[in-house]
Amino acid sequence: MHIFGHEATEEKAENARLSSFVGALALGDLVKSTLGPKGMNKILQSGSSGDINVTNDGATILKSIQLDNAAAKILVNISKVQDDELLREAEKLIAMKIHPQTIVEGYRVASIAALAALEKAADLFNIARTTLSSKVLSQDKDYFANLAVDAVLRLKGSTDLEHIQIIKKNTKILVANTSMDTDKIKVFGARAEVDLTGKLAELERAERVKMKAKVDAIAAHGINCFVNRQLICNYPESLLAEKGIVVIEHADFEGVERLSLVTGGEIASTFDRPDLVKLGKCDLIEEIIIGEDKLIKFSGVAAGEACTVVLRGSTNQMVDEAERSLHDALSVLSQTVKETRIVLGGGCSEMLMSCAVEEAARKVKGKKAIAAEAFSRALRQIPTILADNAGYDSRDLVARLRAAHYEGQSDAGLDINQGTIGSMRQLGVTESYKLKRQVVLSASEAAEMIIRVDDILRATPRKREAV
């Protein structure tokens, strides 16, 4: 009996599972060649506009592609690479007639062991350098690492990267969001009935008197710089200038928020109580020219809880990729400022977890042990991919890395520059514990979700009506 609508489809049992695995594995194969300091770039071309991006940023690649496979969409939403290897191992286990629930239970045992080893194993500068190593900024990673660390430390524990913008002596600044363009009658949207044109002039004079009172209230704050998010018309601007107050108008909303954080001032909208308004302060405000753009630079700021980073490059693609690279470093650092524990990179953490899972698998009875061992193999795929992308013999390097860990060298990892095994602690290759832990958790959960699929239902495509 057919209970679905016309053109609706259903895949069940093995077919559903196979379809999920194929989509997920194809997605993993697409991005895994971008991993590591020597990862490859992808050229992304828009089908509609023809715009071209050159990037090796996995998140950018995943956001740019159109997907039809349900499992692949799940992985894009989670955006983790480890899922692919767990599913690849799960596919082999299912081919061995091991039940999906058994695989899931084995993976859970392995995940617990891996996370325990990671926590047991668990400086900002090195994390920034590691993040930038695989990016377009890698040639100048020390400079940009210092820049990223300085920018994040200004946030004082906040993880809101919107406060970091990528683009007069002893000044007292009033940052405001208020209307300063009412020096003329706004006919549109307003209604004024007068019997003589002279009455209209009287209304305009009344508006000017009102605006002058507002300017006097602003000047009463004892400021010499007024920054307003909205437009400032000629009349109030001239009044402020007569009082020796520099005016900056039409500041964008995000810019006003950042300026408030930088100068230590509050954003004001009323000016009746100057004693209740907190003013911003800085040593110097100057207009500078970078390339063809004019910028206003605030130096010697009081609070400094935000900043601006200006990136320039020879092409749009280069600048866009530099921005993505720096954003990755800022994202990692902002998380690590709150959770300061770090782990070693270069495949060291993955091998450490892999060895711990192997030890745990020996204590597990039944077929769950096979699934736990598969989880261990999946963890070893990260150093394998890093070696492959660098053009080295991954089998040899990973085998030597595994042996080094079993010999007690817990800081051993892949020295990609030299093509050998080295101490990640001495090389300063570190990663955020919080992010690494989240990768393992998310990958395990996503793999479990897809392994347990036994039915895929696709609704009837919505047809467009003829115009």
Side-chain angles (χ1 to χ4, degrees), residues 13-14 16-18 20-22 24-25 28 32 71 74-75 78 80-122 343-344 347-387 394-410 412-413 436-454:
E14 293 301 319
R17 223 168 269 125
L18 180 61
S20 297
F21 286 166
V22 167
L25 296 179
K32 72 179 183 182
I74 291 173
L75 296 194
I78 298 177
K80 299 292 181 287
V81 178
Q82 197 79 54
D83 322 17
D84 169 52
E85 302 304 332
L86 292 175
L87 291 172
R88 201 181 297 275
E89 293 294 334
E91 186 181 29
K92 298 175 185 177
L93 298 178
I94 288 175
M96 296 165 56
K97 304 300 181 184
I98 297 178
H99 195 277
Q101 286 293 89
T102 304
I103 299 173
V104 167
E105 291 175 9
Y107 274 12
R108 287 176 180 173
V109 171
S111 178
I112 293 171
L115 291 173
L118 186 67
E119 184 172 14
K120 186 178 180 180
V343 292
L344 298 177
C348 174
S349 298
E350 285 78 11
M351 188 58 72
L352 194 70
M353 289 187 286
S354 175
C355 293
V357 171
E358 283 185 340
E359 290 293 329
R362 294 174 185 174
K363 304 174 185 177
V364 178
K365 298 180 181 179
K367 292 183 178 180
K368 288 191 293 186
I370 301 175
E373 291 171 355
F375 194 104
S376 174
R377 289 195 297 272
L379 287 168
R380 290 201 296 272
Q381 286 303 304
I382 292 297
T384 300
I385 293 170
L386 293 176
S394 60
R395 294 193 177 207
D396 175 59
L397 279 178
V398 173
R400 286 159 56 192
L401 178 59
R402 186 184 181 195
H405 273 265
Y406 273 112
E407 289 171 359
Q409 300 178 36
S410 60
K436 183 69 72 175
R437 180 179 181 275
Q438 191 59 46
V439 167
V440 177
L441 280 174
S442 299
S444 303
E445 291 169 0
E448 287 182 21
M449 188 186 307
I450 294 173
I451 290 168
R452 296 171 67 175
V453 170
D454 70 344

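On a predicted model such as this, the values are computed, not experimentally measured, just so you know. Heavy-atom basis, side chains included; hydrogens, waters and symmetry copies ignored.
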Visitor: Can you tell me how far apart CZ (Arg437) and CE (Met353) are? Round to the nearest 0.5 Å.
Guide: 11.5 Å
Visitor: Distance check, rounded to the nearest 0.5 Å: Ile98 atom CD1 versus Lys368 atom NZ?
Guide: 13.0 Å
Visitor: In Å and rounded to the nearest 0.5 Å, what is the CD1 to CD1 distance from Ile94 to Ile103?
Guide: 4.5 Å
Visitor: Considering non-hydrogen atoms only, spot the tightest contact between Pro383 and Leu379 and give its length.
Guide: CD-O, 3.5 Å
Visitor: Is Glu105 paired with Arg108 through a side-chain N to carboxylate O contact shorter than 4.0 Å?
Guide: no
Visitor: Under a 4.5 Å cut-off applied to non-hydrogen side-chain atoms, are Lys92 and Arg377 in contact?
Guide: no
Visitor: Between Leu118 and Ser349, what is the shortest heavy-atom contact and its length?
Guide: CD1-CB, 4.0 Å
Visitor: To check you understand the geometry: which heavy-atom pair defines the closest contact between Ala404 and Ala412, and what is its length?
Guide: CB-CB, 3.9 Å
Visitor: Is the side chain of Ser444 donor-acceptor paired with the backbone N or O of Val440 at a distance under 3.5 Å, no angle test?
Guide: yes
Visitor: Could you check whether any side-chain heavy atom of Ser376 comes within less than 4.5 Å of a side-chain heavy atom of Arg380, counting everything from C-beta outward?
Guide: yes
Visitor: Any side-chain heavy atom of Gln381 sitting closer than 4.5 Å to one from Val398?
Guide: no
Visitor: I need the Ile112 CD1 to Phe375 CZ distance, nearest 0.5 Å.
Guide: 10.0 Å
Visitor: Do Glu89 and Glu373 come within less than 4.5 Å of each other through their side chains, counting heavy atoms only?
Guide: no
Visitor: Which heavy atom of Ala90 sits nearest to which heavy atom of Tyr107, and what is that distance?
Guide: N-OH, 3.4 Å
Visitor: I need the minimum non-hydrogen distance between Val357 and Ala372, along with the two atoms involved.
Guide: CG1-O, 3.2 Å
Visitor: With rounding to the nearest 0.5 angstrom, report the CE to CD distance, Met351 to Gln409.
Guide: 12.5 Å
Visitor: Where is the tightest heavy-atom contact between Ala117 and Ala356, given as atom of each residue plus distance?
Guide: CB-CB, 3.5 Å
Visitor: If you measure from CD on Glu359 to SG on Cys355, what distance do you get to the nearest 0.5 Å?
Guide: 8.0 Å
